[in-house]
Amino acid sequence: MKKALRFIRSMRFGILLLVLIALCSVVGSLIPQDKAVSWYAQNYGSLHGVILMLRLHRIFQSWYFIALLVLLCLNLTLCSLVRIVSVVRDRRRVVARTAALPDQVRLSAEGVQRLRRHLEDIRCRRETIGEAEVYRKNAVGRYGSFLIHLSILLVVLFGAAALYLPQVVDRTCLPGESVVMDDGTEISVDAFHIEDVTGRLDYSSRIRIRLPDGRNSEWVDIRVNHPLAFGSWKVYQQTYGTAGSVTVTNLADGGSDDFTLTDTALLSLDGASGLWYEAVYPDYLLDPSGNMTLVTSTTGRYEHPVYQVLLASDGNLRPILVFPGEELEAGGLRFRFNEPIEYPGLRIKRTPTVINALLIASFVLMLVGLYIAFFMPPVLIKTDAEGYAVGGLKPEGMRIKLDELLQEYRREE
Amino acid sequence: MRTLFIVTIILYAAAVILQFTGTAFKKERLLKLSWLVFLAAFAVHLLFTIVRGVAAKRIPLSNQFEFANAFAWGVALMLIVIRRRLKADWLSVAAMPMALLILTYAALQPMEIRDLMPALRSAWFGIHIGSAVLSYAAFVLAGSVGLRYVLLARRNGAEEESRLRQMDYLSYRLVAFGFLFLTVVILSGAIWAEQAWSAFWTWDPKEVWALITWIIYAVYLHLRLRGKRRGAAMAWYLVVAVPVVLFTFAGVNTLLPGLHSYG
Ligand code: HEM
């Protein structure tokens with residue numbers, strides 16, 4: 001039991017876990033993830049059974065990958081705890097222990113003086129213990145690796161929360177309309193455009209969030225990299241679509257209405273004759289004999305939009321292509337085709353705000369820990385009348401630096 | 001502007017050839033000349049990068065060409081700093097060809113200046129990609145030091161012993177520097193991804209390979225801490241890790257599809 005516990009908190013086990021996590025990651029990057037089962041059957045032939053059985057197609061969600069992460073957290077917790085306890089307990093003893101070290105390098109009296117001057121120049125603190133003078137600096141460096149490991153734990157925990165707690169939905173919304181969420185929060189879209197004033201592609205929506213308690217955000221232009229965050233909501237400019245716009249006039253009474261159409265629809269008084277709206281296309285090509293081919297997709301705005309509709313009258317359907325500005329009549333209605341309307345697809349995310357803040361604080365902690373561990377190594381140097389010794393947890397860097405200094409000094413001599 | 005780039009490559013290539021000849025025939029003067037040519041290459045390279053940034057009206061780091069260009073420049077810069085600070089002239093033989101190799105890769109990429117795509121217009125762009133340049137350059141140099149170590153370790157005398165210890169420590173420092181900046185890359189990338197795509201982490205292949213690289217160097221740091229494995233084994237480790245860094249940098253975009261395929 002004791003042996004097992006010692007293994008679980010050992011660095012060897014930690015390294016093993018890291019290697020296994022890296023191997024799973026390699027597999028997860030080589031096999032495209034999260035596709036339909038049939039896709040793997042098509043692309044991997046007889047291997048697809050193995051892929052599905054071992055869950056290699058959703059490896060980052062598989063039980064064994066999550067188990068590796070949980071074990072890593074356990075290992076990190078135990079190993080950091082054991083270590084920090086001894087590092088803190090030892091914090092006073094290290095100075096005395098350094099003072100008791102035998103000299104590693106012998107120096108002349110003048111050499112010792114020069115070394116001491118150098119150590120004072122690099123702002124080491126001095127402490128006299130018996131015959132020895134101990135110089136030290138960067139005591140905080142002892143805690144760098146603890147901060148790193150603590151922050152890794154926090155990043156895994158808060159990261160998991162930030163990935164799995166939010167509710168995310170994608171909604172389209174026509175300009176001038178709103179989407180209402182389950183809790184009554186209302187997200188309104190005032191306008192949407194695809195290009196900025198200079199004609200550069202820049203998908204942007206002007207939106208506002210109103211919380212159930214009546215608080216409103218400002219009207220804000222959201223675009224990629226610039227979502228609107230308000231309360232626990234965050235709204236992203238995600239995609240866009242283009243809707244048909246048709247003004248319908250009742251020929252009998254002159255009343256008229258505007259319709260914005262994103263799907264096929266029948267516009268009719270009696271449910272039989274009228275207009276079947278099919279789609280609007282961005283552009284068309286004409287071949288030399290005058291035949292028209294519709295362009296079905298584009299990035300950016302629709303250059304020469306074309307409506308595809310079916311005119312329903314007297315029991316038959318007639319397919320027609322119409323340009324904006326044109327009109328058709330059927331079933332006692334007049335249909336005027338307008339310029340199509342661009343509308344945004346919004347990604348709406350709800351997260352407890354505190355999770356993101358905690359996650360980002362853990363990021364900062366990790367960077368601070370790394371900086372301290374790497375760039376503020378603790379310095380502990382014992383000097384006496386005959387030479388010096390370098391002590392502490394990470395003596396290597398200082399030993400090399402003093403070696404170089406010594407060589408320079410000898411060269412000067 | 002193209003001319004500046006071509007001059008840069010020619011100068012680096014000349015420096016590498018002089019370095020090799022100088023090393024092979026033990027001619028001090030050739031080595032000195034090689035270093036001067038290298039410094040000239042570096043200066044022209046910097047000039048080219050600035051001119052390109054001014055022409056594009058942004059930091060020139062947005063596609064494979066620009067990134068590779070900056071990566072090679074980063075390797076050259078670090079080589080210069082290390083040679084100055086540590087008098088580590090021996091590093092040039094391995095590090096100069098690395099800079100040339102990466103710049104040659106850049107030369108094979110489409111070079112025209114294009115408008116920044118909307119997803120890249122962000123304050124995080126400079127931090128994320130600038131850190132990647134520094135981090136990858138440090139790892140590549142650590143690999144170069146590793147290579148020198150392995151070659152030198154074949155001989156064993158007292159003088160070599162102390163040189164080897166310095167090399168081992170230098171490669172550790174480079175890994176530490178690279179590791180810190182790779183962490184900045186990953187964390188700033190996560191924050192940026194949340195701003196742009198709503199999720200901190202999506203297991204996109206580029207993210208996954210950055211994580212794999214991070215783990216590889218974390219394992220190096222720990223193996224080294226365990227103390228038993230200093231020396232040639234650790235130097236080999238760093239040499240073998242370089243292809244992984246290069247794959248994360250270039251291979252992922254071309255071989256594995258994902259959100260980071262910006263051309
Ligand atoms: C993702 C995982 C990990 C990362 C990124 C990481 C990173 C680091 C870094 C950067 C250092 C400082 C190294 C140096 O100053 O040279 C370090 C030290 C250390 N790590 Fe880790 N580590 C990880 C996991 C672990 C695990 C799982 C264990 C143990 C069981 C562990 C045990 C240690 C120990 C004992 C030290 C030395 C502490 C010291 O010198 O004060 N690490 N780690």
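Residue numbering restarts at 1 for every chain, and letters A, B, ... go by the order of the sequence lines. Only this structure's heavy atoms are used, side chains among them; waters, hydrogens and symmetry mates stay out.
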Within residues 346-359 of chain A, contacts to chain B at heavy-atom distances under 4.5 Å involve R347(A), K349(A), N356(A), L359(A)

What are the residues of residues 360-369 of chain A, in order of number, with any heavy atom under 4.5 angstrom from a heavy atom of chain B?
I360(A), F363(A), M366(A), L367(A)

Sidechain-backbone polar pair: Y40(A) side chain, P32(A) backbone, donor-acceptor under 3.5 Å:
yes

Sub-3.5 Å donor-acceptor pair from the side chain of R399(A) to the main-chain atoms of V390(A), do we have one?
yes

List for me each residue that meets side chain to side chain donor-acceptor pair (under 3.5 Å) alongside D221(A), sequence neighbours excluded, and say none if there are none.
R206(A)

Short N-O contact, R58(B) and E66(B), less than 4.0 angstrom
yes

Can you tell whether the side chains of K234(A) and E194(B) come within less than 4.0 Å, N to carboxylate O?
yes

Closest contact, heavy atoms only, A373(A) versus I148(A)
CB-CD1, 3.8 Å

Would you mind checking which part of [X] comes under 4.5 Å of any heavy atom in chain B, side chain (CB onward), backbone (N, CA, C, O), both or neither?
X: R12(A); answer: both
X: E404(A); answer: side chain
X: V26(A); answer: both
X: I152(A); answer: side chain
X: I400(A); answer: side chain

Looking at [options], which has the largest count of heavy-atom pairs under 4.5 Å with chain A?
options: A190(B), S198(B), A218(B); value: S198(B)
options: A196(B), A193(B), A123(B), S188(B); value: A196(B)
options: I212(B), V219(B), V184(B); value: I212(B)

CG of L221(B) to CG of L370(A), rounded to nearest 0.5 Å, is 9.0 Å

Validate the cation-pi geometry between R224(B) and Y172(B): distance from NZ or CZ to the six-membered ring centre under 6.0 Å, angle to the ring axis within 45°.
yes

Got a sec, which residues hit salt bridge (charged side-chain N to carboxylate O under 4.0 Å, His left out) with E195(A), two or more places apart in sequence or on another chain?
R301(A)

Need one label for [X]: side chain, backbone, both or neither, based on atoms under 4.5 Å from any heavy atom in chain A.
X: W124(B); value: neither
X: I186(B); value: neither
X: I215(B); value: side chain
X: L211(B); value: side chain

Between G397(A), S145(A), P166(A), which residue shows the highest count of heavy-atom pairs closer than 4.5 Å to chain B?
G397(A)

Would you indicate whether W90(B), at its atom CH2, is surrounded by more than 12 heavy atoms from other residues, nucleotides or ligands within a distance under 6.0 Å?
yes

Is a side-chain donor-acceptor pair under 3.5 Å present for N225(A) with W192(B)?
yes

Check the side chains of W209(B) and S29(A) for a donor-acceptor pair under 3.5 angstrom, ignoring hydrogens and angles.
yes

F179(B)-Y217(B) aromatic ring centre distance below 6.0 Å
no

Centres of the F67(B) and F249(B) rings: under 6.0 Å?
yes

Do D403(A) and Q166(B) come close enough that some side-chain heavy atom pair is under 4.5 Å?
no

